[in-house]
Structure formats: C-alpha cells, structure tokens
Amino acid sequence: MAFSAIYFLDHKGQIFVEYFGELEQESVRDNFVLMYELLDEIMDFGYPQFTETAILQEYITQEGYKLKQGAPKPPAAVTNAVSWRSEGIKYRKNELFIDIIESINFLVNAQGCVVHSEILGHVLMNSLLSGMPEINLCFNDNALFNHSQMGDANPVDFEDIKFHSCVRLSRFESERAITFIPPDKEFELMSYRVTSRVRPFLVVVADVQRYMHSRMEITVKVKGQFKERLSATNVVIIVPVPSDASSPKFNTAKGHVQWAPEESAIIWSINSIQGGKQFAMKAHLGLPSVQAEEPEGRPPIRVKFQIQYLASSGLQIKYIRIIEKSLYSAVSWVRSLTQSGDFQIRI
C-alpha cells in the first residue's frame, strides 16, 4: 500500500510535467486551477482513478494546449472507467490470440544431479476484438495459484504471479478465474514462476575420454523425454572443449556438427528430435602433449531448443468466454511453447 502511494505521487508529477513542461514554483502558482481539475480527475474519494495522460488530455485541454471549439466531450474511456482501452474499436473479424510461453532454466552437475531448476512463464495476448468486450478465462485444476485450495492431488505451485492492471483480482482470488476487459492488440496478461515438478524434457549426457594427453574423444547423447507426437525443434547443443584442441573429426547420424575454435566449442545442431528418440554424436580432437585443463574447470554444456504445443508446467486454459453487448461471435486461439532458457549441464 505504501509503495502504491509513492508510485501514484510520482506518476502525478509526470502528468503535471506533461501539461506544464517543468514543475516549478512559478508553474504551480500559474496553473493552480488546472492542477485542481487534474487532481479531481485522477483521484476520487482517496483512490487513484484515471492516470493516463492521453485520456486526460482529451478531457482537460486548457493551459498549454489550444482549447477545442465547444464544450469538451468526456472521452469514452473515462465514461467506461477503462483507462487502457478506448471505445469505438472495430474489427471485421473478431479474434483473440493467446500464447503461453515458458522458458526452462536448468543446471545439472557432473554427477547428473539437478542443482537448480525453474520455469519462467508468460501469458501473452493479441486482442483483435471490437467494442468493449469482457473476457472470462479459467485455467485447469492442477494450476494451484492459492495454497489454501488443495483440490488437485498433484498441484503445481505458481509463484511470483504478476497480472496486467486490467485483471479483476478479487474474482481471481475467489474462483481462480481471470476476468478483464483487454487492451487493444498485444499485451502481457500475466507472468509467473514455477520451481516444483520441473522436467528437463531434453536429457543430454556426455562422456569425455583422454588418451595419453595427445587426443580426446567426446561422446554426447541426447534424448527427448516427452510424448512421441511432439518434437523439439531448433535444437543446439554447445559442447565446450579445451582452447588448444585441434584436428576435429565428427561422427553423427542426426543433424550437423560445427567446429567453433573462437568459442572453444563444438556446436551440434539438430532440426528436430521426436519424443522418445535418442541420438549420439562423437568427436575426436587432438591435444598438445602438455596436460590440458582439468575437467572441473571446463564450462558446462549449453542446450537450446523449442517444443511447440507444450507448456512445461502443465498450465492449460480450461475455457474462454468473450462477452460483448453487441453479442458478436469471436474466435479464440491458444498456443503453447516451451523453450530453453539458461539450460546448462556440467561435464
């Protein structure tokens, strides 16, 4: 609550600057009446109301702005108490696009134990809807946002949840449903973090063999641990090697292997890996006769990938209802994407 008050005071100052140019003693004295009108609009009964400068400038046009002919008409956004959306928006085809995008951060030590894992999620929307629609959206039952509601036997805890200001939080807390009037076009509805039940989906195992300090052999295996109907695409496995390695030779039945001496790494690129499939790559490298760096000092393997039609947390949208006073029909589209974030495997 204290932070909200500080944020409001700071934002109020920005509004005054938009009107007066510089907020100084003289400008405050000269624009006292206008400041009073602005305060009357942005604060009502001690609660912030309309703090969008663009909306206020439609209604309060004096001092620094030429007065419009005739009495100014209150903007539609003010009369509807929605500062993030204007009335009169029209589309020939009413559609709502929803993207659930989740990034997996993963760190596995040399013994194969998970040291750190988390999912960072974002629900993005592109609202191409006419009028002033209200959207009701509900997630699946195993999405546990409130620890007091333990209806699912295997819930997933969502932490650090942040909503767009259009969401009515009171209904979300009571029903786990999200109700809101969306901004026009693209915006982020919510973001969240998950630290429980995180799966790697792509398992990468590496074996390093050294021979008389003159050469080394690296065997890397990758397996898709997800349903067979899904595929991981744009897979890139970056394997670190000693900076003085040379004379590389590669052998793999899947993808393309690239030698990157400027990065001291081998880059194995695979267009697609189907769920349940496993592939291997072998690399033979020459080494100088001097002892190379110890394995403990070697950087980790980095993995990049994308999996369409999959939310790694299990988050799904149970239903979407779009209600508008004109009762037009609208189509909603939902897509899910899991991608690698900071995905590292020690070797």
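Residue numbers start at 1 and run along the sequence shown. All values derive from a computational prediction rather than experimental measurement.
For the residue pair Thr195 / Glu159, a side-chain donor-acceptor distance below 3.5 Å is found, with atom types taken as modelled.
Side-chain N or O atoms of Tyr328 include one that pairs as donor or acceptor with a backbone N or O of Ser130 at under 3.5 Å. A donor-acceptor contact shorter than 3.5 Å links the side chain of Thr338 to the backbone of Leu310. Remark: side-chain polar atoms of Asn105 are paired, donor with acceptor, to backbone N or O of Asp342 under 3.5 angstrom. Between the side chain of Trp84 and the main chain of His164, no donor-acceptor pair closer than 3.5 Å is present. For Ser117 (side chain) and Val114 (main-chain N/O), no donor-acceptor pair under 3.5 Å exists by modelled atom type.
Going from atom CG of Leu124 over to atom CD of Glu188 covers 5.5 Å, rounded to the nearest 0.5 Å. Rounded to the nearest 0.5 Å, atoms OG1 (Thr179) and CZ (Arg321) are 10.0 Å apart. Atom CG in Leu137 sits 5.0 Å away from atom CZ in Phe139 (nearest 0.5 Å). Here the CD1 atom belonging to Ile161 is positioned 10.0 Å from the OH atom belonging to Tyr192, to the nearest 0.5 angstrom. Distance OG/Ser326 to CG/Asn94: 7.5 Å, rounded to 0.5 Å. With rounding to the nearest 0.5 angstrom, the CD atom of Gln339 is 9.5 Å from the OG atom of Ser312.
Val239 places none of its side-chain heavy atoms less than 4.5 Å from the side chain of Trp268. The side-chain heavy atoms of Phe97 and Glu95, taken from C-beta on, include a pair separated by under 4.5 Å. Residues Cys138 and Ile317 are not in side-chain contact: their nearest non-hydrogen atoms beyond the backbone lie 4.5 Å or more apart. Proximity of Val220 to Lys282: side-chain heavy atoms (C-beta onward) are nowhere separated by under 4.5 Å. Side-chain contact between Leu96 and Val331: absent, with no pair of heavy atoms (C-beta onward) separated by less than 4.5 Å. Contact annotation: the side chain of Gln306 never approaches that of Ile101 to less than 4.5 Å [non-hydrogen atoms, C-beta and beyond]. Between Thr233 and Ile307, the closest side-chain pair of non-hydrogen atoms is not below 4.5 Å. A 4.5 Å side-chain heavy-atom check between Pro183 and Cys166 finds at least one atom pair inside the cut-off.
Centroid-to-centroid, the aromatic rings of His116 and Phe106 stay 6.0 Å apart or farther. In this structure, Phe305 has its ring center no closer than 6.0 Å to that of Phe201.
Counting non-hydrogen atoms of other residues, nucleotides and ligands closer than 6.0 Å to OH of Tyr91 gives a total above 12. The number of heavy-atom neighbours closer than 6.0 Å to CG of Asn109, taken from other residues, nucleotides and ligands shown, is above 12. Shown here is Arg193, whose CZ atom has more than 12 heavy atoms of other residues, nucleotides or ligands within 6.0 Å.
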Please output the side-chain donor-acceptor pairs of residues 247-254 that fall under 3.5 Å, not counting sequence neighbours, one pair per line with the distance.
unit_1	atom_1	unit_2	atom_2	d
Thr252	OG1	Lys254	N	3.2
Thr252	OG1	Lys254	O	3.0
Thr252	OG1	Ala280	O	3.0

**Q.** Verdict with supporting geometry, Gln209 and Ile218, side-chain contact (heavy atoms from CB on, under 4.5 Å)
**A.** CA-CA 6 Å; Gln209 297 290 336; Ile218 302 176; over 6 Å; no
Q) What's the verdict on side-chain contact (heavy atoms from CB on, under 4.5 Å) for Val108 and Val115, showing C-alpha distance, side-chain angles and the deciding distance? A) CA-CA 6 Å; Val108 180; Val115 177; over 6 Å; no
Q: Step by step, work out the side-chain contact (heavy atoms from CB on, under 4.5 Å) result for Val303 and Val236.
A: CA-CA 6 Å; Val303 184; Val236 178; over 6 Å; no
Q) Yes or no on side-chain contact (heavy atoms from CB on, under 4.5 Å) for Met281 and Val257, after CA distance, side-chain angles and deciding distance? A) CA-CA 8 Å; Met281 182 273 296; Val257 184; 3.7 Å; yes
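Note on Ile270 and Trp259: same hydrophobic cluster, where clusters join Ile, Leu, Val, Met, Phe, Trp and Tyr whose side-chain heavy atoms are under 4.5 Å apart, directly or indirectly. Both Ile266 and Phe279 sit in one connected hydrophobic cluster of ILVMFWY residues. Membership requires side-chain heavy atoms under 4.5 Å apart, directly or through other members. Both Leu189 and Ile320 are assigned to one and the same hydrophobic cluster, defined by single-linkage of ILVMFWY side chains at heavy-atom distances under 4.5 Å. Under the 4.5 Å side-chain heavy-atom criterion for ILVMFWY residues, no single connected hydrophobic cluster contains both Phe180 and Leu128. Two different hydrophobic clusters hold Leu337 and Ile104 under the rule that ILVMFWY side chains link at heavy-atom gaps under 4.5 Å.
When all heavy atoms of Ser313 and Val194 are compared, the pair lying nearest together is CB-CG2, 4.1 Å. Contact detail for Gly224 and Ile273: the closest heavy-atom pair is N-CG2, 4.3 Å. For Glu102 against Ala311, the heavy-atom pair with the smallest separation is OE1-C, 3.3 Å. For the residue pair Arg85 and Ser127, the shortest heavy atom distance occurs at NH1-OG, 4.1 Å. Met132 and Glu324 make their closest contact through N-OE2, 3.0 Å (heavy atoms, listed as atom of the first residue, atom of the second, distance). The shortest non-hydrogen separation linking Ser231 to Ser272 is CB-OG, 3.5 Å.
Taking a cutoff of 4.0 Å between a charged side-chain nitrogen and a carboxylate oxygen, Lys325 and Glu134 do not qualify as a salt bridge.
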